[in-house]
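When reading the values below, keep in mind they use all heavy atoms of this one structure, side chains included, and skip hydrogens, waters and symmetry mates. Reminder, nothing fancy here: chain letters follow the sequence lines and each chain counts from 1.
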There are 2 protein chains.
Amino acid sequence: MAGIKEIAKMTGVSLATVSRVFNDSPLVSPKTREKVLKAAKELDYRPNMMAAALRSGKSRIIGVIVPEVNNSFFSDIINGIERVVSESGFNIIISQTHELQEKENSALDSFMKLNVDGVLMSISKETTDYGHIQKLIDAKIPIVFFDRPPSLEAINTVVLDNYLGAHIATEHLINNNCKTLLHIAGNSDVGIFNERKRGFLAAIQKHETEVSYQITELKSDATQDLKHLENLFKEHPKIDGIFAFGDEMAIHVLNLLTTLQLEVPKKMKLIGFGNAHFSTLTQPTISSIDQENAHMGELSATLLLQNMNKKQRPTTKILSPKLVERESSKID
Amino acid sequence: MAGIKEIAKMTGVSLATVSRVFNDSPLVSPKTREKVLKAAKELDYRPNMMAAALRSGKSRIIGVIVPEVNNSFFSDIINGIERVVSESGFNIIISQTHELQEKENSALDSFMKLNVDGVLMSISKETTDYGHIQKLIDAKIPIVFFDRPPSLEAINTVVLDNYLGAHIATEHLINNNCKTLLHIAGNSDVGIFNERKRGFLAAIQKHETEVSYQITELKSDATQDLKHLENLFKEHPKIDGIFAFGDEMAIHVLNLLTTLQLEVPKKMKLIGFGNAHFSTLTQPTISSIDQENAHMGELSATLLLQNMNKKQRPTTKILSPKLVERESSKID
DNA sequence: TTGTACGCGTTATCAG
DNA sequence: CTGATAACGCGTACAA
């Protein structure tokens, strides 16, 4: 392993020229360039990014902040991000917040110390204070938010149209002859879950003459939630269509329905949200709303790279979810 | 945001003294230290890790290489790693190989350019050439391999005892009255799958008077594989216990069995490997072998940190898998 | 206990 | 097109 100094010595050219070669400067003759590159191979040259970063102010590192890596939604996104940025020669450094504001603060702090060139982040559920984000913005570090943007002005965001997704899911149930709908809603403190609820309500309203509905928002205690749902199904036997705010919840509901002998999709139709892998592993398979996870990652990364090259005006990209019909919502 | 220079100016002490404060040098009087720390707060001091890294040769970055982030096994491990290293003030940079040797090479190359202080990796299925790893070793960068170590001498590894896990799973089936066992084996090019097969065979041998068995190794084409299994079940109706090499395969088998009206666990008992989250979401829930994913990550990270502090002699840690009994293998 | 001065490996500026 | 040299921000002998 060698640095540019050794190469300069070996080839007899100056440090500056060697540096120019590796920075694709046009100010170097083809034959010197070749000579340098050859020496680089022989000496197994590896640029020291730390030194380059120090001098240039550019680390070629992009910071990524997600709530959890262990969540197929976010890891799909990471895949998308990686695909794009690695093509441009950047490294990504990933931090998890575990939905904690404190972790989010310290992650951003680390990023600044590391001189990251840009940040991609999805804020945690708990985050209410945006001081740490403001610091980043003040430091002129480009940021793109995905999936869960903060409520700030003039920021770059890539989000899914959750409202539309819920609308599609709900209409799908209605189109498939459901008359009494239930929406199992997620924690309403989370923006995207609220959007889904709004989308559900809008679809209901559009078809208000045809259907009736009900909404239940669950707490975090799973076993109690399921008990609650069981009672709800018993009290309201007319319910024949369920839109769950997420796929994992949909699976739990499916299991509950099976236990209660409420056959899916014969007696009860069910649709989730997120198009998680395991939605294809159940029996019946569960219909869902696909959110093109990897695409969201790619788009965010592309937007960030653009901003890193040249300050753009804040952009918001809204992805359109798509219906994925499976067995759980089939008309028989 | 400020550097040590500004702090020196504000407090009237020298750069060296300020530097000493942040490096916890004992050679600073308490009151100077206090003065410096106070100024640091006021000026919102952020050390420039690039500069520190350049100067000290330590980046405080640890490189992590996994085949896929989008795999709950590896993301659990990442969680474990993060927990440990972040406590020691390190950042992790994650690269995925997507099971490609080429990606693995370039990831390690990036790590060297970035001057990572250590590497944690699980080699990809495709990797056969260890030149890139040797380079790392030559550069004296500490490495710990987890889950899938390369066949090299004198390396640090943290692995699961796959042999034992398979043995436990198989004996569990036998103890629960299975007489004719089937092992659905994974690609035998992958070391851990081979270990599982060996464990299965060993358990069979131990009980050879009581049981008969069969092994089928699947190809990569899922639909064809399932067809093959279906035929197998029809030809061998006596099979009453299945040990699948992984949980996802176990789910597919479960679905197939349900379709074939082979009731689980009444007519057929089933156990997987890996204790994936979705094993708890099926009906019936699927028994499995837990491999303490996060713990493996923690252990690997701890071992790496030890090696970074002081060269140790190569260590191999072997984790013991544990049986997780669920409905799919219950005796009725 | 504190300060001075040099160097880490690279890039940028200027002069040639 | 090429070379000499300063500078990036910090750590650390060495001197005081």
Side-chain angles (χ1 to χ4, degrees), chain A residues 1-37 39-40 43-61 89 91 110-117 139-140, chain B residues 1-37 39-40 43-61 89 109-117 139-140:
Chain A
M1 192 188 60
I4 63 173
K5 198 182 291 183
E6 284 82 352
I7 295 185
K9 199 160 292 172
M10 174 174 229
T11 57
V13 299
S14 76
L15 287 177
T17 304
V18 177
S19 173
R20 284 191 190 100
V21 171
F22 296 121
N23 289 299
D24 294 317
S25 161
L27 306 172
V28 54
S29 78
K31 70 176 178 215
T32 3
R33 156 164 288 127
E34 196 135 345
K35 195 165 53 175
V36 168
L37 290 176
L43 296 177
D44 187 24
Y45 168 64
R46 279 214 195 70
N48 182 326
M49 303 204 60
M50 294 297 168
L54 174 59
R55 181 59 236 234
S56 68
K58 265 88 186 58
S59 63
R60 301 198 75 73
I61 295 178
N91 285 96
S110 282
F111 284 0
M112 297 194 71
K113 292 180 195 165
L114 278 171
N115 251 300
V116 296
D117 292 341
K140 309 275 186 215
Chain B
M1 193 186 60
I4 63 172
K5 199 182 291 184
E6 285 81 353
I7 295 185
K9 199 161 294 173
M10 176 175 230
T11 55
V13 300
S14 76
L15 286 175
T17 305
V18 176
S19 173
R20 285 191 190 102
V21 170
F22 295 122
N23 290 300
D24 294 318
S25 161
L27 307 172
V28 185
S29 77
K31 70 177 178 213
T32 333
R33 157 164 287 128
E34 195 136 345
K35 196 164 53 174
V36 168
L37 290 175
L43 296 177
D44 189 23
Y45 168 64
R46 279 215 194 68
N48 183 327
M49 301 204 60
M50 295 297 168
L54 176 58
R55 180 61 237 244
S56 66
K58 265 88 186 58
S59 64
R60 300 200 75 72
I61 295 177
D109 210 60
S110 281
F111 284 179
M112 296 193 71
K113 292 180 194 164
L114 278 171
N115 251 300
V116 297
D117 292 342
K140 309 275 186 214

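Within the structure, a side-chain polar atom (N or O) of B/T17 is placed less than 4.0 Å from OP1 or OP2 of C/dG3. Remark: A/N23 is in phosphate contact with C/dT11, judged by side-chain N or O atoms under 4.0 Å from OP1 or OP2.
Distance check, rounded to the nearest 0.5 Å: CG of A/D117 to CZ of A/R60 gives 7.5 Å. Once rounded to the nearest 0.5 Å, the distance linking NZ of A/K9 with CG of A/L15 reads 9.0 Å. Interatomic distance, A/L37 CG to A/T11 OG1, rounded to the nearest 0.5 Å: 10.5 Å.
Here the nucleotide nearest the side chain of A/A16, chosen from D/dT2, C/dT2, D/dA4, is D/dA4. Among the nucleotides C/dT11, C/dG9, D/dT2, the one closest to the side chain of A/S56 is C/dT11. In the set D/dG3, C/dG3, D/dA7, D/dA7 carries the atom at the smallest distance from any side-chain atom of A/R55. Taking every side-chain heavy atom of B/L54 into account, C/dC8 is the closest of D/dT2, C/dT2, C/dC8. Out of C/dC14, D/dG9, D/dC14, the shortest distance to the side chain of B/R20 is found at D/dC14. In the set D/dT2, C/dT2, C/dT10, C/dT10 carries the atom at the smallest distance from any side-chain atom of A/I4. Closest to the A/L27 side chain, of the nucleotides D/dT12, C/dG9, D/dT2, is D/dT2. Nearest to the side-chain atoms of B/S14 among the listed nucleotides C/dG3, D/dT2, C/dG9 stands C/dG3.
In this structure, A/F22 atom CZ and C/dT11 atom C1' are separated by 14 Å, rounded to whole Å. The separation between A/E6 atom CD and C/dC8 atom P is 11 Å, rounded to whole Å. Atom CE of B/M50 is separated from atom P of D/dG11 by 14 Å (rounded to the nearest Å). Rounded to whole Å, atom P of C/dG3 lies 14 Å from atom CD1 of B/I7. The nearest whole Å value for the distance from the NZ atom in A/K5 to the P atom in D/dT5 is 15 Å. The NZ-C1' distance, from B/K9 to D/dG9, rounds to 13 Å in whole Å. One atom, CE of A/M112, and another, P of D/dG9, lie 14 Å apart when rounded to the nearest Å. Put simply, CG on A/L114 is 21 Å from P on D/dC8, counting in whole angstrom units.
Looking at heavy-atom distances under 4.0 Å, A/Y45 makes contact with sugar-phosphate atoms alone, never a base. At the heavy-atom level, B/S19 lies under 4.0 Å from base atoms of the strands shown.
Of the residues near DNA chain C, B/P26 and B/A51, the one whose nearest nucleotide (by heavy atom distance) lies more toward the 5' end is B/P26. A residue-by-residue look at B/L15 and A/N48 shows that B/L15 has its nearest nucleotide of DNA chain C further toward the 5' end.
Residues B/I4 and B/Y45 meet the side-chain proximity criterion, which asks for heavy atoms closer than 4.5 Å.
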### Full working for side-chain contact (heavy atoms from CB on, under 4.5 Å) between A/N115 and B/N48
CA-CA 7 Å; A/N115 251 300; B/N48 183 327; 3.4 Å; yes
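None of A/R55, A/M50, A/K58 except one satisfies the side-chain contact (heavy atoms from CB on, under 4.5 Å) rule with B/M50; the exception is A/M50.
At a cut-off of 3.5 angstrom, counting only N and O atoms as typed in the model, there is no donor on one side facing an acceptor on the other between the side-chain of B/R46 and the base of D/dG9.
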